[in-house]
Amino acid sequence: MKKKKKLTSIISGALFWTAIFTAIISLAVSTGMVIQNAYEGASNLLKENIADVSQDISDGFMERNMESATELKDIVWNDMSYLKRCSTEEAADYLNALMGDNNCDEINIVDADGIISSSTSPANVGFDFHSDDRTTVFLDLLEDQDTCAQEPRRSLNNTDAMMAFAGAAFSDKSGFLQVGVDMDTFEDMVIVELPASVRNRRIGEDGFLMVCNSSDLIVVADSRSYYSGKSLDEYREEIEKAVMNEDVFFLMFDETPVMLYAKEIYGYYIIGAYPVFSAFRSSLIILLVIFLMEATLFPIVFLVIYLVVRKKVIKEVVGINQSLERIAEGSLDERVEVRNSIEFDSLSDNINRTVDRLKEAAKKDSNRLKREIEYARSIRKTSLPGIFPAFPGRHDFGIYALIKDSKELGRDFYDFYLLSDDKLLVLIVDIAGQGISTTVFMMSVKSVLKSLTENGMNAAQAFTEANRILQENTEYTELFITATAWMGILDLNTGVLRFANAGHMRPALYHEGKASLVVQEAEILLCAKEGYEYHEQELTLMPGDQLLLYTDGVTETQAPDGAYFGEDRLLQSMEEAAKEADARKDPENACSSICLKMSDIISAYAGKSEPSDDITMMCVAYAGSDDHEGI
């Protein structure tokens, strides 16, 4: 047997491990929060710097495009009369000459109707800016807007090429000039603006910015970095993944662990790098302080709590426990006198008052409980059919039932009656619940089912309606009172037994010298589920057959060694008892023989121990009508 520990050891052990686990959890949570905050701070710093540089590049690029469009617009405006007279090819030659001198890759002249009238690419002539969502933004130049720029998009005449467009309106709003710059030209233009945007940025103390071109070459780095001209080809996969996921990633960069964030703009990667140690330096200091505080405070708190509990609680608990042990042994004159604190003073008084009331209540409850049990048993006994033979003069069937009460309040009952001259109803119920309320519930079930069946309902319909009626009584549902039930209606002319089962034990059928359990569909208990609909099932009895209904008190009877009676012994006992009378010649005697013989067998099996549950059995023997032909 495992040796039990003293309360002092249990409490000290609990306090010790509580302190350890609390310290670990506290440190883990603190570490997680500090690291998370440091990570988020570093991530936000990287993202903000990259976003600012990207915006500077985009703004500078579009501004340069608009300046180029404005300069070319003034030149073209002076030669507009010539362009209106010349052919499409001549206009294209004229515009191509301008394009070469002004750092752009496409020029379009658009008239007041939004249609290209001249272009460096003759294929563009006639294109209507109203016809494409990508070009309608420039139509504002025909109204009150003077210039307009657009992020890179597909070229009108070459969908494989990416171009950035800008436009400038003619002064009389008779049209506008649009210029386009492809990405190759952009690289030549934008590289002029990049150094100032990158080199003037700072990311923390040691972080830096880099710009990598489409060939994985770092073209610009900040003033503190020596990475200019280096290739990032080996990191390309990680950088592309970071750009796609729009998130910060960790990388060993030049043998230094760093946090990197990258963004693509116009074919370039703008990359921000922040050494991990620098990003988390302040967090490590905070964690060190937290660790030192916990290593100091938790042992002190543990020691103080342990000493207080040992001196002020455990000692007094031991004294109270000794008194309670004497009370538990039956000494109701014992008094608890632990008075060193308000709580223990109150506890002592409460225990003493409880013992006094126990002494008074024990005497009253003993008598009251006996009266309630006797009253409930009396109600049940008077409400059940108990005179046998129950139907003198009937030779086509026999019926017999008995109940052996347990030491507690009985919760089983049975019923049977003729619905007509050739219809016999049998019912057995096992109620699950506590107290006198189960007796009231029993009477409700009995009366409701009898009323429903006498008004023409079959067994399944009666169970369904009874379940609805019982569910409406909140007293039963709040007390969780339910019942298993089995009801059948036997046609005495044909032997057809139509039945319904509400979670009850399977009946045993004795047929031609052999007993077996009836195959049936198990359904839920009465008063267990609102709105449940039961189903009718069918069994045919042959002349000489005997059907035994019983409750779980039969199969759950225990021998002195704890073994259950079980279904196998039930069937063996039924076969043994059924041999004493012929059900065709004397059905009444056959039924009583089975019930009484099996009751003796069960009692012998249990020995001297009292049954913990009611033992209820009801047997129906079918002899068959005079004109029965063995259907």
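Model, not experiment: these values are computed from the prediction.
- For Y532 and E523, the side-chain atoms include at least one donor-acceptor pair closer than 3.5 Å.
- F397 places a side-chain heavy atom less than 4.5 Å from the side chain of L418.
- Using cut-offs of 30° and 60° for the angle between ring planes, the Y534 and F463 rings count as perpendicular.
- Counting heavy-atom neighbours within 6.0 Å of E580 CD, excluding the residue itself, gives a total above 12.
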Check your understanding: Can you list the steps and then say if K423 with D491 is a salt bridge (Lys or Arg N to Asp or Glu O under 4.0 Å)?
Key -> CA-CA 5 Å; K423 291 289 191 301; D491 187 323; 3.6 Å; yes

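- Rounded to the nearest 0.5 angstrom, Y414 OH and M618 CE are separated by 8.5 Å.
- Under the 4.5 Å side-chain criterion, counting only non-hydrogen atoms from C-beta, F441 is not in contact with V429.
- Taking the centre and axis of the six-membered ring of F413, the NZ or CZ atom of K446 falls outside the cone set by 45° and 6.0 Å.
- Here the side chains of R394 and D421 are in contact, with some heavy-atom distance below 4.5 Å.
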Practice item. List the steps, then state whether side-chain contact (heavy atoms from CB on, under 4.5 Å) holds for L547 with V518. Key: CA-CA 9 Å; L547 185 71; V518 172; 3.9 Å; yes

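- For the pair K579 and E575, the salt-bridge criterion is not met [side-chain N within less than 4.0 Å of a carboxylate O].
- A parallel orientation is assigned to the rings of W486 and F499, their planes being inclined by less than 30° (bins at 30° and 60°).
- Between the side chain of Y622 and the main chain of L492, a donor-acceptor pair closer than 3.5 Å is present.
- The closest side-chain heavy-atom distance from D552 to D613 is below 4.5 Å.
- Judged purely by distance below 3.5 Å, without hydrogens or angles, the side chains of Q36 and E40 pair a donor atom with an acceptor atom.
- For N467 (side chain) and K529 (main-chain N/O), a donor-acceptor pair under 3.5 Å exists by modelled atom type.
- Proximity of S444 to L470: side-chain heavy atoms (C-beta onward) are separated by under 4.5 Å at one or more points.
- When atom types are taken as modelled, the side chain of S451 and the backbone of S447 share no donor-acceptor pair closer than 3.5 angstrom.
- Under 3.5 Å, the side chains of T616 and D412 contain a donor-acceptor pair of N or O atoms.
- In this structure, M598 and C619 have side chains that are not in contact, with every pair of non-hydrogen atoms separated by 4.5 Å or more.
- Inter-residue side-chain proximity for Q537 and L539 is flagged as unmet; no heavy-atom pair is nearer than 4.5 Å.
- For the pair L570/F565, a side-chain contact is recorded, criterion being any heavy-atom separation below 4.5 Å from C-beta on.
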